[in-house]
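Computed from a predicted structure; not experimentally measured.
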Amino acid sequence: MIMAQRLLLHTLRCSARRATLAVGLALMAAPVVAEITAARYSAPTTRYAHGVLGDAIEYGTLELTLIDGKRLALSLPQDRVFEDIAPRLVDMDGDGAPEVIVVESSQTGGARLVIYDESGLRAATPHIGQRNRWLAPIGVADLDGDGFIEVAYIDRPHLAKTLRVWRFQDNKLTQVASETGLTNHRIGEDFISGGIRDCGQGPEMITVNANWTEVMATRFDGNTLSPRPLGPFKNQTSLKHALECKTP
């Protein structure tokens, strides 16, 4: 009888050890979530003398903060800088965790729009093609309701004044539409005008026309861009009102 009780106790202890080991192995095998919670530029530099944002200082490093408190630093080579106002955190792939959208500029190729995650570069548009040629982001949204995220910017807001829309799909950015005669930045301003609004009928990109006389709203239906005037541009309050779905 005593021997049987000891055998039962031994069996229960072994089962408990195996269960504890299985839980431990499961915890060890669980993937670590590296979610980005914050991003900022650092390492100010004057190695790219363009000054489109009001001074000659750009940035050489993108610093990421993860949900576990860990910090990552992504530094560009000497021939590139972040020529931008601030990084933008947006969930581009629908997994619930944000990626980071930035503007990079090359000493030889000018600006491009880039998506980074905690592993590094995820996707990028081509460089514009010439030094001191910049782009100004408008915003990010599923502009045509197809389930994929688009990112919009003005290509050379002081020269070409061209709205370009790029779709993020299969870890690539593909241009899907463009429209001339629109802009969102004037040389020397340390901010970008406009953005994206949704007044109940789907997202619209808010910019101004090429000569800064009209506030413009532009829709994307999946194939074409359709800009329309909302009212006269008087100052930044006009754009603020448009983004708030008020009359400019």
Could you report the tightest heavy-atom contact between [X] and [Y], atom names first, then the distance?
{"X": "Val114", "Y": "Ala124", "result": "CG2-CB, 4.0 Å"}
{"X": "Met216", "Y": "Val208", "result": "CG-C, 3.7 Å"}
{"X": "Phe233", "Y": "Asn235", "result": "CE1-O, 3.1 Å"}
{"X": "Asp146", "Y": "Phe148", "result": "OD1-N, 2.9 Å"}
{"X": "Glu63", "Y": "Ser42", "result": "OE2-OG, 2.9 Å"}
{"X": "Asp142", "Y": "Gly147", "result": "OD2-N, 2.8 Å"}

Would you be so kind as to tabulate the donor-acceptor pairs closer than 3.5 Å made by side chains of residues 194-206, with sequence neighbours excluded?
unit_1 : atom_1 : unit_2 : atom_2 : d
Arg197 : NE     : Glu204 : OE1    : 2.9
Arg197 : NH1    : Ala242 : O      : 2.7
Arg197 : NH2    : Glu204 : OE1    : 3.0
Asp198 : OD1    : Gly200 : N      : 2.9
Asp198 : OD1    : Gly202 : N      : 3.1
Glu204 : OE2    : Arg219 : NE     : 3.2
Glu204 : OE2    : Arg228 : NH1    : 2.5
Glu204 : OE2    : Arg228 : NH2    : 3.1

Which is it for Asp221 and Asp144 under the side chain to side chain contact (heavy atoms under 4.5 Å, CB included) test, yes or no, and what are the steps along the way?
CA-CA 5 Å; Asp221 65 5; Asp144 57 351; 5.8 Å; no

Do the side chain of [X] and the main chain of [Y] share a donor and acceptor less than 3.5 angstrom apart?
{"X": "Trp134", "Y": "Val52", "value": "no"}
{"X": "Thr183", "Y": "Pro157", "value": "yes"}
{"X": "Thr125", "Y": "Leu113", "value": "yes"}
{"X": "Glu58", "Y": "Val81", "value": "no"}
{"X": "Asp91", "Y": "Gly96", "value": "yes"}
{"X": "Arg80", "Y": "Glu104", "value": "no"}

More than 12 heavy atoms of other residues, nucleotides or ligands under 6.0 Å from OH of Tyr59: yes or no?
no

[atom1]/[X] to [atom2]/[Y] distance, rounded to the nearest 0.5 angstrom?
{"X": "Ser105", "Y": "His127", "atom1": "OG", "atom2": "NE2", "answer": "8.0 Å"}
{"X": "Leu89", "Y": "Tyr116", "atom1": "CG", "atom2": "OH", "answer": "14.5 Å"}
{"X": "Asp79", "Y": "Thr108", "atom1": "CG", "atom2": "OG1", "answer": "6.5 Å"}
{"X": "Leu182", "Y": "Asp155", "atom1": "CG", "atom2": "CG", "answer": "12.0 Å"}
{"X": "His185", "Y": "Thr207", "atom1": "NE2", "atom2": "OG1", "answer": "14.0 Å"}
{"X": "Ile36", "Y": "Thr65", "atom1": "CD1", "atom2": "OG1", "answer": "9.5 Å"}

Whether the Thr162 and Thr180 side chains hold a donor-acceptor pair (N or O, under 3.5 Å, no angle test) is what I'd like checked.
no

Measure the shortest side-chain to side-chain distance between Gln175 and Trp166 over non-hydrogen atoms and say whether it is less than 4.5 angstrom.
yes

Looking at side-chain heavy atoms only, is the closest gap between Val215 and His241 below 4.5 Å?
no

Count I, L, V, M, F, W, Y as connected when their side-chain heavy atoms are under 4.5 Å apart, and connections chain through other members. Are [X] and [Y] then in the same cluster?
{"X": "Ile192", "Y": "Val102", "result": "no"}
{"X": "Val176", "Y": "Val151", "result": "no"}
{"X": "Leu121", "Y": "Leu64", "result": "yes"}
{"X": "Tyr153", "Y": "Ile115", "result": "yes"}
{"X": "Ile101", "Y": "Val103", "result": "yes"}

Option from Asp93, Asp170, Asp95 for which salt bridge (Lys or Arg N to Asp or Glu O under 4.0 Å) with Arg122 holds:
Asp93

